[in-house]
**Q** 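Shown below is the structure under consideration.
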Amino acid sequence: QVQLVESGGGLVQAGGSLRLSCAASGRTFSGYAMGWFRQAPGKEREFVATISRTGGSTSYADSVKGRFTISRDNAKNTVYLQMNSLKPEDTALYYCAEGLVYNAGSDYNTAEPYDYWGQGTQVTVSS
């Protein structure tokens with residue numbers, strides 16, 4: 001069962017921009033937190049950004065802070081990742097994740113609290 005579907009990936013030149021989208025599949029988009037993660041070949045999956053239910057709180061990895069912006073539109077069951085000033089090191093498979101229930105002791109900058117995951121969308125940044 002597909003819970004989340006990512007789109008918007010592609011090949012761009014360094015310095016360019018992409019906007020990734022993540023949509024809930026066959027259900028209401030209402031998770032406490034939405035996150036974006038990425039995984040490059042031979043690397044561990046790493047945190048990129050997260051956003052709270054209403055969009056009032058966001059957090060970013062140091063590597064993308066100032067360049068990427070996460071947002072969500074619950075009415076459209078969609079979360080976005082606006083990626084600007086892309087660098088070759090941003091090349092990775094980008095995953096959307098949804099945490100359904102808030103856990104005070106959880107770190108939403110890690111993968112553990114997230115319940116649903118998409119299959120990923122590829123972002124490739126050329127020099």
**Q** Taking all non-hydrogen atoms of both residues, which atom of Thr78 and which atom of Ser21 are closest, and how far apart?
**A**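 It is CG2-CB, 4.2 Å.
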**Q** Is the side chain of Asp107 donor-acceptor paired with the backbone N or O of Asn109 at a distance under 3.5 Å, no angle test?
**A**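 Yes, because the side chain of Asp107 sits within donor-acceptor range (under 3.5 Å) of the backbone of Asn109.
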**Q** Does the pair Ile51 and Ser57 meet the rule for a side-chain contact (heavy atoms from CB on, under 4.5 Å), with working shown?
**A** CA-CA 6 Å; Ile51 187 167; Ser57 181; over 6 Å; no
**Q** Using side-chain heavy atoms (C-beta onward) and a distance below 4.5 Å, is Arg72 in contact with Thr58?
**A**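 Arg72 vs Thr58: side chains apart.
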**Q** Test your reading of the model: is there a side-chain donor-acceptor pair from Ser63 to the backbone of Ala61, 3.5 Å cut-off?
**A**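 Not confirmed, Ser63 side chain does not pair with Ala61 backbone.
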**Q** May I ask you to decide if Ser17's main-chain N or O and Asn84's side chain share a donor-acceptor pair within less than 3.5 Å?
**A**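 Between the backbone of Ser17 and the side chain of Asn84 there is no qualifying donor-acceptor contact (under 3.5 Å).
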**Q** Do other residues, nucleotides or ligands put more than 12 heavy atoms under 6.0 Å from Arg53 CZ?
**A**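 Counting other residues, nucleotides and ligands, CZ of Arg53 stays at 12 neighbours or fewer.
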**Q** Do Phe68 and Gln82 touch side chain to side chain, with heavy atoms closer than 4.5 Å?
**A**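 The answer is no, as the side chains (C-beta and beyond) never meet within the 4.5 Å cut-off.
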**Q** Using side-chain heavy atoms (C-beta onward) and a distance below 4.5 Å, is Met34 in contact with Thr50?
**A**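 When only atoms from C-beta onward are counted, Thr50 and Met34 do not touch, as no gap falls below 4.5 Å.
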**Q** Which is it for Ser126 and Leu11 under the side-chain contact (heavy atoms from CB on, under 4.5 Å) test, yes or no, and what are the steps along the way?
**A** CA-CA 7 Å; Ser126 63; Leu11 193 157; 4.1 Å; yes
**Q** Taking the six-membered ring for Trp, are Trp36 and Phe47 ring centroids under 6.0 Å apart?
**A**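 Not close enough - the centres of the two rings lie 6.0 Å or further apart.
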**Q** Can you name the closest pair of heavy atoms from Leu18 and Leu86 and give their distance?
**A**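 In this case the closest contact between Leu18 and Leu86 is N-CD1, 3.9 Å.
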**Q** At their closest point, which heavy atom of Ala92 faces which heavy atom of Ala40, and how far apart are they?
**A**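 For Ala92 versus Ala40, the nearest heavy atoms are CB-N, 3.9 Å.
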**Q** Does the Tyr114 side chain pair with the main chain of Tyr108, one donor and one acceptor, at a distance under 3.5 Å?
**A**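 At least one qualifying donor-acceptor pair exists.
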**Q** If I take atom CD from residue Glu44 and atom CD from residue Glu46, how far apart are they, to the nearest 0.5 angstrom?
**A**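 Rounded to the nearest 0.5 Å, the CD-CD separation comes out at 10.0 Å.
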**Q** State the OH-CD distance between Tyr116 and Glu98, to the nearest 0.5 angstrom.
**A**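 Here the rounded value is 7.0 Å.
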**Q** Determine whether a donor-acceptor pair (N or O, by modelled atom type, separation under 3.5 Å) exists between the side chain of Arg19 and the backbone of Tyr80.
**A**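 It does not hold such a pair.
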**Q** What are the two closest non-hydrogen atoms of Arg38 and Asp90, and how far apart are they?
**A**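 Answer, listing the atom of Arg38 first, then Asp90: NH1-OD1, 2.9 Å.
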**Q** Parallel, tilted or perpendicular: which fits the ring planes of Phe37 and Trp117, with parallel below 30° and perpendicular above 60°?
**A**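 Ring orientation of Phe37 relative to Trp117: tilted.
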**Q** Thr121 side chain to Ser7 main-chain N or O, any donor-acceptor pair under 3.5 Å?
**A**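 No, Thr121 side chain to Ser7 backbone: no donor-acceptor pair under 3.5 Å.
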**Q** Side chains of Gln13 and Val125: does their closest heavy-atom pair fall under 4.5 Å?
**A**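 They are not in contact (no side-chain heavy atoms under 4.5 Å apart), so the answer is no.
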**Q** Taking all non-hydrogen atoms of both residues into account, name the closest pair between Thr69 and Tyr60 and its distance.
**A**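 For Thr69 versus Tyr60, the nearest heavy atoms are CA-OH, 3.3 Å.
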**Q** Does Leu20 form a side-chain contact (heavy atoms from CB on, under 4.5 Å) with Val123? I'd like the steps, not just the answer.
**A** CA-CA 9 Å; Leu20 307 184; Val123 172; 4.0 Å; yes
**Q** If I compare all heavy atoms of Cys22 with all of Leu4, which pair ends up nearest, and what's the gap?
**A**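 The pair with the smallest heavy-atom distance is SG-CB, 3.8 Å.
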**Q** Nearest 0.5 angstrom please: Glu6 CD to Gln122 CD, how far?
**A**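 If we round to the nearest 0.5 Å, Glu6:CD and Gln122:CD are 11.5 Å apart.
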